[in-house]
Amino acid sequence: MADSEKTSAPAGATGGYRPGYEVAAERILEYVVRAGLPPGARLPTEKDLADEVQMSRTVVREAVKILSALGRLSVQKGRGIYVAEPEQSSWQQSLANFLPADLRQVDELFEFRRHLETTTANLAAQRATPGHVKAVRDAARQSAEAAEQGDIDAFSAADEAFHLGIAAAANMFFASTVDAVRHLQRQVTAIGLAGVAGGSLGVAAGQHEAIAEAVAAGEASRAEALMAEHIDLTAKQFQREIWRRIVPGDDADS
């Protein structure tokens with residue numbers, strides 16, 4: 001086909017036709033995801049890539065140029081086409097600069113978590129599939145079992161699965177953001193609290209189970225309110241423990 005190769009638009013799309021290079025770019029990105037290629041991975045040759053996406057080499061060449069300009073692919077002369085390494089964003093820079101023993105930053109972390117995860121809980125209650133509901137319920141049950149046994153490591157793993165499960169049921173971008181924020185909270189636990197989780201595991205596990213049931217029942221407002229209570233309680237526990245380490249013998253509540 002020529003450079004002007006066009007194709008029919010997907011059902012429901014407007015415009016009727018799309019430029020071939022646009023379709024090729026979309027198919028190349030789909031191929032990268034489907035093949036599980038990480039940043040730095042090499043793609044097939046231009047000819048093989050054209051066969052893979054079922055488009056002409058000319059159109060694929062144009063698509064690769066566009067994806068390279070957008071920072072999604074890297075074309076290295078004489079070596080091939082690679083999945084581009086992502087540039088560090090201001091968000092990634094803030095993760096790198098986070099101080100897990102700084103009470104002000106911990107406060108800001110939980111403030112962000114509250115806004116983020118109350119939204120994910122609300123959306124999860126509206127969108128969760130049976131598979132999502134099962135995953136969230138299983139994680140809540142595992143956290144309760146770990147709490148009964150006083151197993152902090154098992155509780156932490158179940159807690160992680162629970163919050164990521166809620167986010168996954170809501171929206172893939174929320175899921176990625178919750179995962180990044182949980183990474184920071186792990187730093188707080190490991191460094192700011194020297195690996196000791198504050199507060200009652202049993203109370204937190206009970207909140208997990210209540211949130212899971214609200215999500216399963218499709219009660220969006222209730223799921224959101226329960227998640228707010230959960231994040232607030234967790235924040236208070238972390239803040240109290242960090243305060244005690246900063247000022248031994250003192251208590252943040254006094």
Side-chain angles (χ1 to χ4, degrees), residues 86-129 131-140 142-143 155-193 197-201 203-242:
E87 295 181 5
Q88 189 176 62
S89 65
S90 58
W91 164 245
Q92 291 171 310
Q93 189 63 45
S94 69
L95 301 188
N97 293 336
F98 178 68
L99 298 175
D102 184 319
L103 189 56
R104 180 186 61 80
Q105 292 192 21
V106 173
D107 284 345
E108 291 182 353
L109 172 64
F110 278 104
E111 179 181 52
F112 182 62
R113 271 197 67 193
R114 191 182 199 278
H115 286 284
L116 175 67
E117 296 201 53
T118 53
T119 300
T120 63
N122 183 297
L123 291 176
Q126 299 179 57
R127 301 174 177 176
T129 65
H132 289 137
V133 169
K134 183 180 185 303
V136 170
R137 277 177 162 166
D138 285 349
Q142 290 164 9
S143 73
F155 179 87
S156 296
D159 182 55
E160 191 97 355
F162 174 78
H163 286 276
L164 291 178
I166 293 283
N171 176 298
M172 63 180 285
F173 297 103
F174 278 125
S176 297
T177 307
V178 167
D179 185 41
V181 171
R182 299 288 300 178
H183 175 71
L184 296 186
Q185 183 158 319
R186 287 195 296 274
Q187 293 180 34
V188 174
T189 301
I191 300 174
L193 301 182
S200 167
L201 299 183
V203 172
Q207 291 179 326
H208 286 170
E209 292 180 313
I211 294 167
E213 291 313 305
V215 168
E219 298 175 348
S221 295
R222 177 168 170 75
E224 180 177 342
L226 288 170
M227 182 63 82
E229 291 178 11
H230 179 56
I231 300 297
D232 288 346
L233 176 64
T234 305
K236 187 174 183 179
Q237 292 168 347
F238 271 75
Q239 291 160 350
R240 182 187 301 117
E241 189 62 32
I242 289 178

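If you're wondering where the values come from, they're calculated on a predicted model, not measured in any experiment.
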Query raised in the report: Under the side chain to side chain contact (heavy atoms under 4.5 Å, CB included) criterion, do Thr120 and Asn171 qualify, and how do the steps go?
Result: CA-CA 8 Å; Thr120 63; Asn171 176 298; over 6 Å; no

So, for [X] and [Y], which heavy atoms are closest and what is the spacing to 0.1 Å?
{"X": "Ala140", "Y": "Ser143", "result": "O-OG, 2.7 Å"}
{"X": "Ala216", "Y": "Val133", "result": "CB-CG1, 3.7 Å"}
{"X": "Leu226", "Y": "Ala214", "result": "CD1-CB, 4.2 Å"}
{"X": "Val215", "Y": "Ala124", "result": "CG1-O, 3.8 Å"}

Requested in this report: Could you tell me whether Asp138 and Lys134 have a side-chain N and a carboxylate O separated by less than 4.0 Å?
Outcome: yes

Query raised in the report: Hey, is Arg137 close enough to Glu213 for a salt bridge, meaning N to O under 4.0 Å?
Result: yes

Query raised in the report: In terms of ring plane angle, is the pair His208 and Phe155 parallel, tilted or perpendicular, where the classes change at 30° and 60°?
Result: parallel

Report task. Check the side chains of Asp159 and His163 for a donor-acceptor pair under 3.5 angstrom, ignoring hydrogens and angles. Result -> yes

Query raised in the report: Do His183 and Gln187 get their side chains close enough for a donor-acceptor pair, meaning under 3.5 Å?
Result: yes

Query raised in the report: If we only count heavy atoms from C-beta on, is the Phe112 to Leu184 side-chain gap below 4.5 Å?
Result: no

Query - Criterion side chain to side chain contact (heavy atoms under 4.5 Å, CB included) on Glu117 and Ile166, from CA distance to verdict - result: CA-CA 8 Å; Glu117 296 201 53; Ile166 293 283; 5.9 Å; no

If you measure from [atom1] on [X] to [atom2] on [Y], what distance do you get to the nearest 0.5 Å?
{"X": "Asp232", "Y": "Gln237", "atom1": "CG", "atom2": "CD", "answer": "11.0 Å"}
{"X": "His230", "Y": "Thr234", "atom1": "NE2", "atom2": "OG1", "answer": "4.0 Å"}
{"X": "Arg104", "Y": "Leu109", "atom1": "CZ", "atom2": "CG", "answer": "12.0 Å"}
{"X": "Leu201", "Y": "Ser156", "atom1": "CG", "atom2": "OG", "answer": "7.5 Å"}
{"X": "Leu103", "Y": "Glu108", "atom1": "CG", "atom2": "CD", "answer": "10.5 Å"}
{"X": "Glu111", "Y": "Leu116", "atom1": "CD", "atom2": "CG", "answer": "12.5 Å"}

Query raised in the report: Checking side chain to side chain contact (heavy atoms under 4.5 Å, CB included) for the pair Ile211/Phe162: CA distance, chi angles, key distance, verdict?
Result: CA-CA 10 Å; Ile211 294 167; Phe162 174 78; 3.8 Å; yes

Requested in this report: Would you check, one step at a time, whether the test side chain to side chain contact (heavy atoms under 4.5 Å, CB included) holds for Phe110 with Gln185?
Outcome: CA-CA 9 Å; Phe110 278 104; Gln185 183 158 319; 3.5 Å; yes

Requested in this report: Check the surroundings of atom CZ in Arg222: do more than 12 heavy atoms from other residues, nucleotides or ligands lie under 6.0 Å from it?
Outcome: no

Using modelled atom types only, decide if a donor and an acceptor are shared between the side chain of [X] and the backbone of [Y] within a distance under 3.5 Å.
{"X": "Glu224", "Y": "Ala121", "answer": "no"}
{"X": "Arg114", "Y": "Ile231", "answer": "no"}
{"X": "His132", "Y": "Thr129", "answer": "yes"}

